[in-house]
Amino acid sequence: MPKVRRFKVGRWSLALVALALLAGTGRAAAAMPDPLAALKAGCTIRRSTDQPPAKAVRYRICSTKVPSFDGTPLDVTVTLPVRSARHPRPLIVFLHGFLNDKTEYLSLSRGGVGADRGTAAYKTVDWNNVWFASRGYVVLNYTARGMGASGGQIGLASKYIEVRDTQYLTGLLIDDGASAHPLARIAARRIGVIGSSYGGGQAWLLLTTKGAGAPQYGSWLSPRGRLIELAAIVPGFTWTDLLSSLVPNGHQLAEGVVDPATADKPTGIGKQTLIDGFLATANTKLPSESIGWLARFNAGEPYDAPSDPVIPVAERALTVDRSAYFQNAFFAALRAHRQRRVPVLAAQGWTDGIFPVLEVLRMVNRLQSVSPGYPIETYFGDFEHLVALDRVADFRYWHILGNRLLDHNLLGHRRRPRFDARAALSNCDPRTFGPVFEANSFDKLHRFVRTFDLGGTQTTVSPLADPRGLASDPVVLSEARGHGCITTKLPPTPGVATYAIALSQPLTLFGLPRLELRYTSTGGDLELDSRLWDEAPDGTQTLVTRGAYRAIGPLLTPTTVDYELFGNAWTFPAGHRIMLEVTQDDASYLRADNFASTTTIAGARLSLPVR
């Protein structure tokens, strides 16, 4: 045993003791069971199915179930390049949609459009595990808890549960780099997250929250204490305010900054067939508390009574606990220059019946207000949920933008992304894509606003039996006949205010129409919903966009409201008519108000952003 020299100054002795303790800790850590041992045992080397065979690539893929932070088994796949690297590799994390699983972004081919992808090839074109692994990334795909082959219950994208799952799994992969036989060494500060729909909401939350002990938002600590940081995120067709997505009130506008304290007041109008679908398909996987929230919204008015025991809890759960827009501490840190600016590419669908473009626009506005020039790029196309056309070309365009953002920020490629706004025109031909327009910001995509004063007093009523409402329900239609424009030839329904604008010249809507209504009503709690149609000379009407507005006010008192429809980029040809309907009952898509009323509309003004 070598002698240890003793010094008068005790700190040297303490230092030696500390080193001995650290050495002991290292041996103990090395002896700990490998949490990824089963994953490593499930690794194989494969060759992609790309054609011609010369385009095929070799990759390594590993799959098994990995316990999360609380022991819940998650179905995990990691895809890697075959060759080892001199330097740590960047990591891409794919987060899938609701009631889907990890296979949503797994492909047998690099290009992602092989036979294995079927009709879902639009999701993976140049955007899948093999694609990224072939270009030097490590790729993590896993199934969210409560879905597919993963265990546990669905937490509805909670920042305390699902977000922590992502943080924990990435942490295991980072820590594994120091093991005796690592899957790969991963650069802990070059993490990119791609999230779609349900996964997109989590991608936003990963940016706007932080793990325990982490110094900044968009970062967290691995199980062994290593700092992990986001380098970029790509959320697609998702929410930043989950409550507004499911129960819109129409009081939020795309211009200016929405105040999170009042954003969802009054409580809005439930997308009834959508919520019914959630309850029917996910019921056994949802905690009873979540079922109670959704069931309460479906029960209807009155929502905002002080004595209601469920609504305040449900609203907080869907906003503060699950929505990026309500992470006020993140925005405060960003304003105070105490927060890194993580680059973002956000894609949203014009024709998405679940998540309208407002979900991105409100986030852009708040980010830019607290941090001018925040690096966020937006793309608006004809995707993704329900009846949206989901063209491969549309997704490929978005994926090109996404690859550029990720390659620059994770691989260090010189070509920089352009943090602008881009949008494709919508149409009803599944074979026709574009054109795509670009501008420095969303509000520059349109050139001017054209306003139409719609004269004549009209009356609306609720309740109402309106066959046009059922015929334009995107949830019902998506189940009945899949993707495609919503059209009808049904005549106007009595009790719905209907206005027509004849066009002698083409008109291209580009953005969110704004509707001003002057009315009196016999009800103090009512809906003022709207549908905007393109009517062809043969009488066929194509739904362009719609809106929802919850009106709370005094009885029989002249009132003016001003709200936006969900928006689109659409060309009305010359010779067509713009048809506007204002209704108090847009069932079955929107839940009918519990209170009967008659509303007299004295005047209506429609303002269209036009390109």
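What you are looking at is a predicted structure, and each value in this text was computed from that prediction instead of being measured.
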field: Verdict with supporting geometry, R546 and Y589, side chain to side chain donor-acceptor pair (under 3.5 Å)
entry: CA-CA 11 Å; R546 70 197 320 147; Y589 178 52; 5.8 Å; no

Determine whether more than 12 heavy atoms belonging to other residues, nucleotides or ligands lie under 6.0 Å from atom CZ of R431.
-> no

query = Between S588 and D473, does a side chain to side chain donor-acceptor pair (under 3.5 Å) hold up when you go through it step by step?
reply = CA-CA 6 Å; S588 53; D473 185 332; 2.6 Å; yes

Review point. Donor-acceptor pair, T240 side chain versus Y325 backbone, under 3.5 Å?
Key: no

| message | Is any side-chain heavy atom of S196 closer than 4.5 Å to one of E384? | response | no

task = Give a yes or no answer on whether the side chain of R468 reaches the backbone of P492 with a donor-acceptor pair at less than 3.5 Å.
result = no

Inset, instruction - Considering only NZ, NE, NH1 and NH2 on the basic side and carboxylate oxygens on the acidic side, decide whether D562 and R605 come within less than 4.0 Å. - result: no

Sorted by chain and residue number, the salt bridge (Lys or Arg N to Asp or Glu O under 4.0 Å) partners of K265 (sequence neighbours excluded) come out as E315

Using atom types as modelled and distance alone, determine if a side-chain donor or acceptor of S426 lies under 3.5 Å from a backbone N or O of W570.
-> no

Give a yes or no on whether N328 atom CG has more than 12 heavy-atom contacts from other residues, nucleotides or ligands under 6.0 Å away. yes

The complete set of salt bridge (Lys or Arg N to Asp or Glu O under 4.0 Å) pairs with one or both residues in residues 281-292, sequence neighbours excluded, reads none

Side-chain heavy atoms of K271 within contact of L590, under 4.5 Å: yes

Closest heavy-atom pair, Q252 versus A263, reported as atoms and distance to 0.1 Å, is NE2-O, 3.2 Å

Donor-acceptor pair, distance only, cut-off 3.5 Å: does the side chain of Y198 make one with the backbone of A157?
yes

Across all chains, not counting sequence neighbours, the side-chain contact (heavy atoms from CB on, under 4.5 Å) partners of L253 are E255, R514, E564

Has the side chain of H96 got a donor or acceptor atom that lies under 3.5 Å from a matching backbone atom of A144?
yes

Residues pairing under salt bridge (Lys or Arg N to Asp or Glu O under 4.0 Å) where one sits in residues 235-247, two or more places apart or in two chains, turn out to be none

Heavy-atom closest pair (A551 atom, L528 atom, distance to 0.1 Å) is CB-CD1, 4.3 Å

Sorted by chain and number, sequence neighbours left out, salt bridge (Lys or Arg N to Asp or Glu O under 4.0 Å) with E359 holds for R362

Give a yes or no answer on whether the side chain of S150 reaches the backbone of T143 with a donor-acceptor pair at less than 3.5 Å.
yes

> Taking the side chain from S521 and the backbone from G523, do they hold a donor-acceptor pair closer than 3.5 Å?
Replying inline: yes

For residues 485-496, the side chain to side chain donor-acceptor pair (under 3.5 Å) pairs (sequence neighbours left out) are D466-T493

- Is the backbone of G201 close enough, under 3.5 Å, to the side chain of T238 for a donor and an acceptor to pair up by distance? yes

Passes side chain to side chain donor-acceptor pair (under 3.5 Å), Y519 versus T460? Steps please.
CA-CA 10 Å; Y519 71 93; T460 67; over 6 Å; no

Ignoring hydrogens and geometry, is there a side-chain-to-backbone donor-acceptor pair from H483 to S478 under 3.5 Å?
no

On a heavy-atom basis, the closest approach of E162 and I154 is OE2-C, 3.8 Å

(Q) Taking T432's backbone N and O only, do any of them form a donor-acceptor pair with R391's side chain (distance below 3.5 Å, no angle check)? (A) yes

